[in-house]
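Notes follow once the structure below has been shown.
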Amino acid sequence: MRQNIKLLGRISLTMLSVGVGLAITSWMLMWWVGANELAGEGSLIAGDALLSLASLVALLVIIMSAPIVAGIVGVFEGLRESSIVKGLWVSIGCLMGTAVMIPVAAIVLGLATSGSGGPSALELVTITGLVGLASAFAGGLSSQMTD
């Protein structure tokens, strides 16, 4: 049981660190857009609208990367040991990792854009759950494919 808890922690922390890295990169993108006045008066899109759109795109990239990260984690965990039970634990870990990765990234992005726009809390929980299921499937399946 102790090994399974360590596995869950390892997967969750891996996905959290990837999410934080992507969120920090997105935050730098927001700063760059604002600093270079890409949203100036002569541009096609107003400043706040461009920052909100860039924030939404960054969040979508983070959301789309969760199953990819889960698949990679699943491959490496499958190389360590591959069994049906281990695959189920990898799936649970990927679900937990996604449940941490996406909200933390959304909070960091919300801080970067001063809370303008973005999904509501209910929308964030819904998309996190759906992406979490896809990540659990990707991680568990890929851990079984490596044997």
* **Residues that R10 engages under side chain to side chain donor-acceptor pair (under 3.5 Å), provided they are two or more places apart** =>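 Expected list: E77.
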
* Pairs touching residues 59-74 that satisfy side chain to side chain donor-acceptor pair (under 3.5 Å), sequence neighbours left out ->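 Non-adjacent pairs meeting side chain to side chain donor-acceptor pair (under 3.5 Å): zero.
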
Heavy-atom pair of closest approach, residues [X] and [Y]:
X: G19; Y: M101; answer: CA-CG, 3.6 Å
X: S142; Y: A70; answer: OG-O, 4.1 Å
X: C94; Y: I11; answer: N-CG2, 3.6 Å
X: P67; Y: A138; answer: O-CB, 3.7 Å
X: L124; Y: P103; answer: CD2-CA, 4.2 Å
X: S91; Y: G140; answer: OG-CA, 3.1 Å

* **Partner of T128 by side chain to side chain contact (heavy atoms under 4.5 Å, CB included), out of L133, I102, L95** =>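 Of L133, I102, L95, side chain to side chain contact (heavy atoms under 4.5 Å, CB included) with T128 is met by I102 alone.
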
* **Test applied, side chain to side chain contact (heavy atoms under 4.5 Å, CB included); reference residue, I62; option that passes from L22, V18, V131, T25** =>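 Testing I62 for a side chain to side chain contact (heavy atoms under 4.5 Å, CB included) against L22, V18, V131, T25 leaves exactly one candidate, L22.
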
* If you link I, L, V, M, F, W and Y whenever their side-chain heavy atoms are under 4.5 Å apart, who else ends up in the same group as M28? ->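 Cluster partners of M28: L13, L16, V20, I24, V100, V104.
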
* Asked: Taking the hydrophobic residues Ile, Leu, Val, Met, Phe, Trp and Tyr, and joining any pair whose side-chain heavy atoms are under 4.5 Å apart, which ones share a cluster with V75?
  ->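 Its cluster partners, ordered by chain and number, are I68, I72, F76, L79.
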
* Flag, side chain of S143 to backbone of G78, donor-acceptor distance under 3.5 Å ->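 Not confirmed, S143 side chain does not pair with G78 backbone.
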
* Asked: What residues, two or more places apart in sequence or in another chain, satisfy side chain to side chain contact (heavy atoms under 4.5 Å, CB included) together with S17?
  ->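 Listed in chain order: nothing, the list is empty.
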
* side chain to side chain contact (heavy atoms under 4.5 Å, CB included) against L122, all qualifying residues, sequence neighbours excluded ->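 Per chain and number, L122 pairs via side chain to side chain contact (heavy atoms under 4.5 Å, CB included) with S120, T126.
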
* Asked: Are I84 and Q144 side-chain neighbours, meaning at least one heavy-atom pair lies under 4.5 Å?
  ->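 I84 reaches Q144 side chain to side chain.
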
* Asked: Transitively linked via ILVMFWY side-chain contacts under 4.5 Å: M15 with L8?
  ->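 Same hydrophobic cluster.
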
